[in-house]
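The first residue of the sequence shown is numbered 1, and numbering continues consecutively from there. Worth saying up front: this structure is predicted, and the values here are computed from it rather than measured.
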Amino acid sequence: MDNDTDDSDPGFGSDSPAPPLASVWTRPQRRQKEQLSRERIVAEAIALLDADGIEALSMRSLGQRLGAGATSLYRHVANKDELIELVVDEVYGEMDVPEVTDPASWRLALHITAHSLRRTGLRHMWLMSVLGQVGLNYLGPNVVDVTRRGLAIMTTAGFDMQEATKAMSSVSSYVIGITSAEAGWLMALRRQGYSEREWYEKVGPQMADSAIDPALAEVYLEQLAKDPREARAENFAYGLDLMLDSLQARLTAKLAAGVTGPVETAASQ
């Protein structure tokens, strides 16, 4: 379809009202029949996604697993987009985001939150690939609650809401990015029938031998000696600590100066 707009397009350059927001959370839930409820649909969709990945999810494949026709599903979920909203919100309910009252505990609380998001993403390896889609509608109760508690960590620490929002977005982006890479790697291994240890034992020595720099070869060999899961966890924690160190420095400067608005840095002045 041509994406250019013209005068005949009612969505641009006219006084026509915008279409209503399309989200499962903006319309009332239909009265559910006992044999096919929204909860059952969501649970089965998550099981399908965990087993076969996002490519396998369709209203037809889900209906087959449920033993129900597409018409029955559409009584509860209008389309695949709504289904994704529902499954993402459901797994967000698994996350651990501490409630904090002590400003000094913000770093530990954010550390717990970030690791919990990573674990959730690795438990449901399809999750990170669809979070951008759900970002259009931050309306699900679990997503709203996780967002609220995450921002509360930052505002309790001493950040104003504007900077708290940016900080949480930055930390979330880091977690989502690195966990997406981990999940993609693990899914590729699964498709090829390898465990991480088997792959490292087969390919790892070749990586070390092909390294141009002897110091890099030594790093590869050190990684090969570790449990692959521990190595990935260490890499994740290192990057997370870099982000938290930066936030700590900004917060310290902010509190020392008695600043009530966003922190100014030399680069932003």
Task: Steps toward side chain to side chain contact (heavy atoms under 4.5 Å, CB included) verdict (Thr113, Val175) - done: CA-CA 10 Å; Thr113 301; Val175 178; over 6 Å; no

Nearest 0.5 angstrom please: [X] [atom1] to [Y] [atom2], how far?
X      : Y      : atom1 : atom2 : value
Arg60  : Leu62  : CZ    : CG    : 13.0 Å
Leu73  : Ser58  : CG    : OG    : 9.5 Å
Ser246 : Leu242 : OG    : CG    : 9.0 Å
Arg250 : Thr252 : CZ    : OG1   : 11.5 Å
Ser105 : Glu99  : OG    : CD    : 11.0 Å
Leu83  : Ile46  : CG    : CD1   : 9.0 Å

TODO: Could you list the residues that satisfy side chain to side chain donor-acceptor pair (under 3.5 Å) with Glu196, not counting sequence neighbours?
DONE: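 So Glu196 forms a side chain to side chain donor-acceptor pair (under 3.5 Å) with Trp185, Arg232.
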
Does the side chain of [X] reach to within under 4.5 Å of the side chain of [Y], using non-hydrogen atoms?
X      : Y      : result
Leu131 : Val88  : yes
Arg107 : Asp245 : yes
Thr101 : Thr156 : no
Asp89  : Val42  : no
Val171 : Leu240 : yes
Met128 : Leu117 : yes
Asn142 : Val91  : no
Asn79  : Met59  : no

What pair of heavy atoms forms the shortest contact from [X] to [Y], and how long is it?
X      : Y      : answer
Ala45  : Leu57  : CB-CD1, 4.5 Å
Glu198 : Ser195 : OE1-N, 2.9 Å
His76  : Ile41  : CB-CD1, 3.6 Å
Ile54  : Lys80  : O-NZ, 4.1 Å
Ala164 : Phe159 : N-CB, 4.2 Å
Leu48  : Arg65  : CD1-CD, 3.1 Å

- [ ] Under 4.5 Å between side-chain heavy atoms, chaining through other members, with only Ile, Leu, Val, Met, Phe, Trp and Tyr counted: pull out the rest of the cluster around Ile112, sorted by chain and number.
- [x]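 For the cluster that includes Ile112, the remaining residues are Leu108.
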
TODO: Could you tell me whether Asp227 and Arg197 have a side-chain N and a carboxylate O separated by less than 4.0 Å?
DONE: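 No, this pair does not count.
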
- [ ] Using the test ring pair (Phe, Tyr, Trp, His ring centres under 6.0 Å), find all partners of His111 that sit at least two apart in sequence or belong to another chain.
- [x]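 Ring pair (Phe, Tyr, Trp, His ring centres under 6.0 Å) list for His111, sorted by chain: His115.
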
TODO: Using modelled atom types only, decide if a donor and an acceptor are shared between the side chain of Thr155 and the backbone of Asp160 within a distance under 3.5 Å.
DONE: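 Answer holds: no.
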
Open item on the list: side chain to side chain contact (heavy atoms under 4.5 Å, CB included), that's the test. Do Leu110 and Met168 meet it? Break it down for me.
Closed with: CA-CA 9 Å; Leu110 199 54; Met168 284 304 302; 3.4 Å; yes

Open item on the list: Looking only at the aromatic ring of each residue, does the gap between the centers of Phe236 and Tyr174 stay below 6.0 angstrom?
Closed with: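 Yes, the ring centres sit under 6.0 Å apart.
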
TODO: Show the numbers, then the answer: is there a side chain to side chain contact (heavy atoms under 4.5 Å, CB included) between Leu247 and Met154?
DONE: CA-CA 10 Å; Leu247 288 173; Met154 305 308 295; 4.2 Å; yes

TODO: Tell me, please, which residues at least two apart from Glu234 pass salt bridge (charged side-chain N to carboxylate O under 4.0 Å, His left out).
DONE: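 For Glu234, the residues satisfying salt bridge (charged side-chain N to carboxylate O under 4.0 Å, His left out) (neighbours in sequence not counted) are Lys226.
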
Open item on the list: Test of understanding: with salt bridge (charged side-chain N to carboxylate O under 4.0 Å, His left out), list the residues that count as partners of Asp145, not counting sequence neighbours.
Closed with: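 Expected list: Arg148, Arg149.
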
For residues 118-127, which side-chain donor-acceptor pairs fall under 3.5 Å, sequence neighbours excluded?
residue, atom, partner, partner atom, Å
Arg118, NE, Glu182, OE2, 2.9
Arg118, NH2, Glu182, OE1, 2.8
Thr120, OG1, Ser116, O, 2.8
Thr120, OG1, Arg123, NH2, 3.4
Arg123, NE, Glu94, OE1, 3.1
Arg123, NH2, Glu94, OE1, 2.9
His124, ND1, Asp50, OD1, 2.9
His124, ND1, Asp50, OD2, 3.1
His124, NE2, Glu94, OE1, 3.1
His124, NE2, Glu94, OE2, 3.0
Trp126, NE1, Asp50, OD1, 2.7

TODO: Answer with yes or no whether the hydrophobic clustering places Tyr74 together with Val77; edges join I, L, V, M, F, W, Y residues whose side-chain heavy atoms lie under 4.5 Å apart.
DONE: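 In one cluster with Tyr74: Val77, yes.
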
Task: Same apolar cluster: Ile176 and Tyr238, side chain cutoff 4.5 Å - done: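 No, it is not one cluster - the side chains of Ile176 and Tyr238 are not joined through contacts under 4.5 Å.
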
TODO: Go through the steps for Tyr200 and Gln223 under the test side chain to side chain contact (heavy atoms under 4.5 Å, CB included), then give the verdict.
DONE: CA-CA 9 Å; Tyr200 276 117; Gln223 291 289 313; 5.8 Å; no

